[in-house]
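Data block below; observations after.
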Amino acid sequence: MTRFLKFFRKEKAAMNHIILPGATIGILGSGQLGRMLALAARRMGYRVHTLSIDTDSPTGQIADREIVAPYDDLDAVRDFVRDVSVVTFEFENISAAAAAVAAAYVPVHPSAEVLHITQNRLREKIFLANAGFPVAPFQPVKSLSDLQTALHKIGFPAVLKTASFGYDGKGQSKINSMEDASEAFDFLEEEEGVLEAFADFSKEVSVVAARGLDGTFVHYGVMENSHRHHILDITLAPGRVSPKVAKDAVEIAHGILEKLKVVGVLCVEFFVTKDDKLLVNELAPRPHNSGHLTIEACVTSQFEQQLRAVCGLPLGSTQQLRPAAMANLLGELWENGEPNWPAVAAFPEVKLHLYGKLGARIGRKMGHLTALADSVEAAHARVVAAREALIK
Ligand code: AMP
């Protein structure tokens with residue numbers, strides 16, 4: 001083959017990966033992350049199809065088509081992917097079989113391999129540790145005697161987590177002494193578990209980053225997160241950490257995206273220890289709750305970035321225009337009836353996001369607020385005041 005022909009074929013293959021406005025994006029999953037991705041996609045002239053088990057879902061309300069089927073209905077997944085140009089996930093607990101069916105027809109980002117690693121805490125920790133990224137000491141647990149042996153190695157306090165399908169602290173228990181072991185093991189409900197050393201952290205932070213089809217890496221810097229009952233409560237950006245922690249966190253995130261060859265957005269959650277060291281807690285191979293404030297605060301939101309990456313477009317600027325704070329709105333805000341929306345609208349630099357979920361339940365993420373201000377501290381105070389005004 002001539003050099004010219006080789007070059008031409010390569011160019012054509014690269015061009016084939018570019019999915020242009022007017023094409024249809026397939027989203028597996030239909031929650032708020034898919035909704036905000038769909039909003040970004042529709043703004044840029046794409047069509048959106050979503051498949052999940054729910055009807056009138058947060059994503060379905062924005063999508064052109066909402067297909068209702070279980071993720072393991074491979075015929076439904078096949079029909080779904082036939083009508084789209086690319087498939088992405090808004091939720092990582094999709095079976096490898098469904099990802100493989102989709103990949104037979106269209107590009108799938110993140111890849112089945114990235115999903116496989118990140119949908120199981122144990123596989124994720126082994127991947128991170130083997131690749132030399134810092135994680136808290138951990139041990140696999142399949143039986144009570146495994147747990148007792150692991151506790152001898154790791155010490156107290158420790159945290160036992162289910163290996164799969166765990167998020168927002170679900171399926172987790174803190175173990176303070178050997179006497180707690182059997183109750184914590186029962187809580188696992190016979191699933192495989194991971195025992196981790198309890199990280200005595202000073203802060204929790206995250207780095208939301210993206211990698212393009214051509215390997216370009218961008219990031220939104222360090223976000224500072226606080227949790228309530230294991231669920232993200234408030235995010236501040238830029239996060240208040242030392243320059244060294246900020247630099248190291250971005251370097252680790254870059255290393256992880258590169259090692260996984262991710263195409264799309266991936267969030268790395270970290271603990272910052274009291275001696276200013278970083279430990280990776282978790283990976284989320286998709287836009288993340290701590291990145292929601294990028295919608296108002298940055299030139300390119302994490303959702304547009306995800307769209308650009310999976311469509312093979314150049315990535316957008318992540319420059320942050322104003323300090324920002326995000327506060328989640330959980331179902332408990334509805335306990336005494338509909339929150340006071342006009343009160344939040346009275347804050348001119350606060351933006352309301354509601355996900356269109358039909359039932360408010362305790363702990364359910366119903367929406368969020370983003371406040372912009374001249375400093376992170378002022379944005380924080382503003383978002384908290386706005387959220388409090390909702391229940392007055
Ligand atoms: P996860 O579901 O693993 O993200 O955990 C949810 C939250 O539980 C984290 O954001 C922490 O606040 C807390 N947590 C989880 N693992 C640990 C740990 N090993 N040490 C201390 N706190 C933890």
Side-chain angles (χ1 to χ4, degrees), residues 31 33 91-93 117-129 133-141 147 150-151 153-177 180-181 184-185 187-189 191-208 222-237 239 241 245 249 252-253 256 265-292 326-328 330 362-365 368:
L33 300 175
F91 152 82
E92 59 264 39
N93 289 323
I117 293 172
T118 54
Q119 65 193 190
N120 178 287
R121 281 185 203 277
L122 187 57
R123 281 200 290 270
E124 185 173 288
K125 296 251 180 245
I126 292 170
F127 157 78
L128 289 166
F133 298 110
V135 288
F138 67 94
Q139 290 287 319
V141 169
L147 176 59
L151 283 166
K153 286 190 190 154
I154 285 181
F156 301 97
V159 184
L160 182 64
K161 302 180 178 179
T162 50
S164 56
F165 295 101
Y167 61 95
D168 288 343
K170 292 195 173 69
Q172 273 191 35
S173 39
K174 190 171 171 190
I175 305 182
N176 291 309
S177 68
D180 297 345
F185 184 74
F187 189 61
L188 265 191
E189 291 175 353
E191 275 188 68
E192 188 179 26
V194 188
L195 184 76
E196 282 174 29
F198 184 80
D200 189 16
F201 55 81
S202 61
K203 257 184 194 166
E204 291 188 78
V205 300
S206 55
V207 173
V208 175
V222 170
M223 314 278 184
E224 183 178 337
N225 302 320
S226 48
H227 294 77
R228 247 159 87 181
H229 307 303
H230 298 281
I231 301 175
L232 183 65
D233 183 39
I234 302 247
T235 297
L236 307 179
V241 291
V245 165
I252 292 169
I256 292 171
V265 169
L266 182 141
C267 175
V268 185
E269 293 178 40
F270 297 94
F271 300 124
V272 183
T273 63
K274 293 199 167 132
D275 54 352
D276 234 17
K277 300 252 162 47
L278 286 159
L279 294 171
V280 177
N281 173 34
E282 212 172 30
L283 308 180
R286 49 168 171 76
H288 187 258
N289 197 166
S290 63
H292 290 359
M326 185 281 319
N328 270 334
L330 302 186
I362 305 282
R364 190 171 197 207
K365 290 176 180 171
H368 71 268

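Numbers here simply count residues along the sequence, with the first being 1. Whatever order the structure lists them in is the order used to number ligands and atoms, beginning at 1. Both backbone and side-chain heavy atoms feed into the values below; hydrogens, waters and symmetry mates do not.
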Problem set entry | Proximity of A136 to ligand 1 by residue part, where a heavy atom lies under 4.0 Å | neither
Problem set entry | Nearest heavy-atom neighbours spanning G291 and M223 | CA-CE, 4.5 Å
Problem set entry | Donor-acceptor under 3.5 Å (H229 side chain, I231 main chain) | no
Exercise. Just by modelled atom types, is the T162 backbone N or O under 3.5 Å from a matching donor or acceptor in the R121 side chain?
Worked result: yes
Problem set entry | Residues in salt bridge (Lys or Arg N to Asp or Glu O under 4.0 Å) contact with R364, at least two apart in sequence or another chain | none
Exercise. Is the closest heavy atom of A158 to ligand 1 under 4.0 Å?
Worked result: no
Problem set entry | For E204, atoms of ligand 1 separated by under 4.0 Å from a heavy atom | 9 (C), 10 (O), 11 (C), 12 (O)
For this session: Among T235, N289, D233, find the residue that satisfies the side chain to side chain donor-acceptor pair (under 3.5 Å) test when tested with N328.
Result: N289
Problem set entry | Residue part near ligand 1, for N225, under 4.0 Å between non-hydrogen atoms | neither
Problem set entry | Subset of ligand 1 atoms that lie under 4.0 Å from at least one heavy atom of A199 | 18 (C), 19 (N), 20 (N), 21 (C)
Seminar exercise, completed: Among Q172, E282, H230, K174, the residue with a heavy atom nearest to atom 5 (O) of ligand 1 is Q172
For this session: Please confirm whether the backbone N or O of V272 pairs with a side-chain atom of S202, one donor and one acceptor, at under 3.5 Å?
Result: yes
For this session: Classify the ring geometry between F201 and F271 as parallel (under 30°), tilted (30 to 60°) or perpendicular (over 60°).
Result: parallel
For this session: Find all atoms of ligand 1 within a distance of less than 4.0 Å from any non-hydrogen atom belonging to H227, and give their numbers and elements.
Result: 10 (O)
Exercise. Taking both backbone and side-chain atoms of F198, is any N or O found less than 3.5 Å from an N or O belonging to ligand 1?
Worked result: no
Seminar exercise, completed: Atoms of ligand 1 under 4.0 Å from any heavy atom of E269, numbered from 1 in the order shown, are 4 (O)
